[in-house]
Amino acid sequence: MLDIKFIRDNIQIVKTGLERRNGKFPDLDDLLEQEEERREGLQESEQLKNKKKKLSAEVGKLKQQGQEASEQMGEVKNLNVFIKELDEKVEGLETIIHEKLLGIPNLPDENIPDGIDESNNKFIREWGAKPSLKGEPLNHVELGEKLGLIDLKRAAKISGARFAVYRGMGAALLRGLINFMVDVQTQENGYEELYPPFLVNEESLLGTGQLPKFGEELFAMKNDPLFLIPTAEVPVTNFHRDEILEEESLPICYTAYTPCFRREAGSYGKDTQGLIRQHQFDKVELVKFSKPDDSEKELEKLVQNAESILKKLDLHYRVMELCVGDLGFSAAKTYDLEVWLPSQNTYREISSCSNFGDYQARRAKIRCKKKTGGKPEFVHTLNGSGLAAGRLFVAILENYQNEDGTVTVPEALRPYLQGRKVLSS
RNA sequence: GGAGAGGUGGCCGAGCGGUUGAAGGCGCACGCUUGGAAAGCGUGUGUAGGUUUACCCCUACCGAGGGUUCGAAUCCCUCCCUCUCCGCCA
């Protein structure tokens with residue numbers, strides 16, 4: 001959420017920032033007009049309340065002295081009518097203003113590239129090299145089914161399209177990947193592990209920005225006001241909702257493994273084959289709470305922490321900076337990590353690392369107390385995948401496939417698979 | 001799901017319906033004291049909004065939302081959460 005005061009004082013900056021984004025947002029001039037009206041009403045009401053308070057105190061004194069106070073009592077009763085009226089008006093405006101603010105996306109970082117979609121994203125760097133595979137590479141579905149690692153047909157029977165059953169060594173590989181990633185992030189990159197609930201309430205989704213605008217992406221419970229998490233970002237960022245943190249404790253870094261549930265409502269026909277786009281997938285998430293001045297630097301570190309997984313697994317990837325048009329609603333700046341997939345002869349997103357500035361923190365009321373005193377200020381929040389396990393599974397199958405249809409287990413992963421070197425049928 | 005108890009400031013803990021934003025204690029910060037430390041003493045120490053160059057000032061907040069009253073942390077109603085016991089259950 002943007003600060004209404006900031007909008008008031010910097011209307012031109014806000015307008016230019018939002019114009020760079022795709023989509024429609026509430027009219028800012030209307031918004032400011034309503035805000036002006038709200039403050040006027042508020043001031044008027046507060047003046048009357050002050051008057052009322054004084055009169056009531058007078059009544060108390062007079063009554064204690066056994067004196068008549070009906071004149072004052074009548075006056076307060078009179079004031080109450082006006083106060084109620086004003087408060088109702090102010091409250092109504094507050095609700096409208098708040099709703100509008102929730103519908104306004106974050107201002108994009110000034111330095112990120114213009115553009116309307118992913119074709120305008122900016123190449124930052126790449127690492128490693130494409131594997132030299134002999135013959136036509138098989139895709140992960142062919143490999144996975146041949147080796148008995150995944151069963152998509154039965155998953156469709158059990159749950160429907162866009163679900164998967166991992167079996168045998170496939171299940172072990174997925175589980176191994178998750179453990180491997182959490183271990184690296186906790187033991188080498190300094191993150192504390194959290195294991196949060198997979199069902200969250202509405203407030204949490206408002207805090208991170210999935211609601212109110214993107215409810216159609218969520219799986220909702222029928223009998224309870226709860227939603228399946230679309231990403232661990234939601235429970236982990238909301239871990240500190242409504243809290244004032246100590247400045248010295250920042251940055252706070254958490255990692256969490258969770259499954260993620262997404263309806264993929266807007267993506268009919270896209271990636272219908274295989275494990276690339278699923279309603280349920282596993283992900284190890286990285287979340288940071290940082291001092292405002294440090295968030296830029298922390299984003300760079302977070303991207304490197306995510307990259308470290310790909311490096312250890314020796315998978316070729318590139319880092320892209322998202323252009324404004326590809327940027328998420330709450331994000332100010334985002335880097336995507338894209339891993340090489342031989343069968344598709346292309347790079348696919350396997351991690352998305354964002355700096356949200358104080359946008360989520362203001363929504364979720366996450367502040368920090370400054371050592372120098374003064375008012376608490378909103379922290380900056382960041383998060384990124386470190387990494388998406390399902391897509392990593394795909395990348396390993398495809399990049400490590402052998403001519404005979406087997407798959408070599410990356411060395412770093414072998415301790416997680418009882419030392420196994422090759423997956424074969 | 002049933003029965004009971006409870007939710008007050010960073011924490012503990014008072015609080016007859018009328019200078020209570022809230023006693024007291026702990027913690028924390030600063031100062032005094034000391035060779036140094038501890039103890040001791042003193043001062044300060046919530047959040048949000050409005051106004052303001054700033055200080056000040058004003059308003060709201062004692063789980064949340066309503067209600068009663070001239071006046072509510074205190075009385076009434078609804079909801080939420082926590083704890084204990086029972087039931088159910090991995």
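Lettering follows sequence order; numbering is per chain, from 1.
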J.: Any side-chain N or O of A:N50 below 4.0 angstrom from OP1/OP2 of B:C58?
T.: no
J.: Calculate the interatomic distance between A:E36 atom CD and B:U51 atom P; express it in whole Å.
T.: 9 Å
J.: Starting from C1' on B:G18, measure out to CG on A:L62 and report it in whole angstrom.
T.: 12 Å
J.: Starting at CG of A:N78 and ending at P of B:G71, how long is that distance when rounded to a whole Å?
T.: 12 Å
J.: Can you tell me which nucleotide in B:A60, B:C70, B:U51 comes closest to the side chain of A:K49?
T.: B:A60
J.: From CD of A:E91 over to C1' of B:A64, roughly how many Å is that when rounded to an integer?
T.: 14 Å
J.: Return no unless some side-chain N or O of A:R39 is found under 4.0 Å from OP1 or OP2 of B:U51.
T.: yes
J.: Please report the distance, rounded to the nearest Å, between CG in A:D242 and P in B:C81.
T.: 16 Å
J.: Considering every strand and a 4.0 Å limit on heavy-atom distances, what is the contact class for A:Q72: base, sugar-phosphate, or nothing?
T.: nothing
J.: Measure the acute angle between the ring planes of A:Y195 and A:Y257, then classify it against the limits of 30° and 60° as parallel, tilted or perpendicular.
T.: tilted
J.: So do the side chains of A:I7 and A:E35 get within less than 4.5 Å of each other, counting heavy atoms only?
T.: no
J.: If I pick the C1' atom on B:C77 and the same atom on B:A72, what distance separates them, to the nearest angstrom?
T.: 15 Å
J.: Taking 4.0 Å as the cut-off, does a side-chain nitrogen or oxygen of A:Q47 come that near to OP1 or OP2 on B:U59?
T.: no
J.: For A:Q360 and A:S330, does a side-chain donor sit closer than 3.5 Å to a side-chain acceptor?
T.: no
J.: Considering only atom C1', compute the distance from B:U69 to B:G18 and round it to an integer number of Å.
T.: 12 Å
J.: From C-beta outward on A:K63, which listed nucleotide comes closest to its side chain: B:C70, B:G50, B:U47?
T.: B:C70
J.: For B:A60 and A:K53 - does any side-chain N or O of the residue sit under 4.0 Å from the phosphate oxygens OP1/OP2?
T.: yes
J.: Rounding to the closest angstrom, what is the interatomic distance between B:G24 and B:U33 at atom P?
T.: 27 Å
J.: Take atom CD of A:E203 and atom P of B:G65, then tell me their distance rounded to the nearest Å.
T.: 13 Å
J.: My understanding is that only one of A:T186, A:N305, A:T255 makes a side chain to side chain donor-acceptor pair (under 3.5 Å) with A:Y191; could you say which?
T.: A:N305
J.: I want to confirm an ordering. Mapping A:K52 and A:I4 to their closest nucleotides on RNA chain B, which one lands closer to the 5' end?
T.: A:I4
J.: Contact between A:T231 and A:Q210 at the side-chain level, heavy atoms closer than 4.5 Å - yes or no?
T.: yes
J.: Please give, in whole Å, the distance from B:C58 P to A:E40 CD?
T.: 22 Å
J.: Using a heavy-atom cut-off of 4.0 Å across all strands, would you classify A:R8 as base, sugar-phosphate, or nothing?
T.: sugar-phosphate
J.: Is any side-chain heavy atom of A:R162 closer than 4.5 Å to one of A:S267?
T.: yes
J.: Please confirm whether the shortest side-chain N or O distance from A:K5 to OP1 or OP2 of B:G50 is below 4.0 Å.
T.: yes
J.: May I ask you to test the A:V200-A:L226 pair for a side-chain heavy-atom distance under 4.5 Å?
T.: no
J.: A:S56 side chain: which of B:G18, B:G50, B:A48 is closest?
T.: B:G18
J.: With a 4.5 Å cut-off on side-chain heavy atoms, are A:L228 and A:L218 touching?
T.: no
J.: Expressed in whole Å, how much space separates the P atoms belonging to B:C55 and B:U47?
T.: 15 Å
J.: Compare the minimum distances between each of B:U59, B:U47, B:G18 and the side chain of A:E46, then state the nucleotide with the smallest one.
T.: B:U59
J.: What distance, rounded to whole Å, do you find between the two C1' atoms, one in B:U45 and one in B:G9?
T.: 11 Å
J.: Taking atom P in both B:U68 and B:A73, compute the distance separating them and give it to the nearest angstrom.
T.: 16 Å
J.: Taking atom P of B:G71 as reference, at what distance in whole Å does atom NZ of A:K77 sit?
T.: 8 Å
J.: State, with a plain yes or no, whether a side-chain heavy atom of A:I158 is found less than 4.5 Å away from one of A:F163.
T.: no
J.: Does some side-chain heavy atom of A:L382 sit less than 4.5 Å from a side-chain heavy atom of A:L286?
T.: no
J.: Which comes earlier along RNA chain B counting from the 5' end, the contact point of A:M73 or that of A:K51, where each point is its nearest nucleotide?
T.: A:K51
J.: Reading RNA chain B 5' to 3', what string of ( ), [ ], | and . shows its pairs, if Watson-Crick and G-U wobble pairs count only when both distances fall under 3.5 Å?
T.: ((((((((.[[[..)..(.....]]]((((((.......))))))(((((......))))).[[[[[..)....]]]]])))))))....
J.: Just checking A:K61: base, sugar-phosphate only, or nothing, at a heavy-atom cut-off of under 4.0 Å?
T.: nothing
J.: Taking B:C16 as the reference, what is the distance to B:G21 when you measure between their P atoms (whole Å, please)?
T.: 15 Å
J.: Rounding to an integer number of angstrom, what distance separates B:A5 and B:A90 when you compare their P atoms?
T.: 32 Å
J.: Using a 4.0 Å heavy-atom cut-off, does A:L55 contact any base of the nucleic acid, only the sugar-phosphate backbone, or nothing at all?
T.: nothing
J.: Nearest to the A:E35 side chain among B:U47, B:G50, B:U59, which nucleotide is it?
T.: B:G50
J.: Any side-chain N or O of A:N80 under 4.0 Å from OP1/OP2 of B:G71?
T.: yes
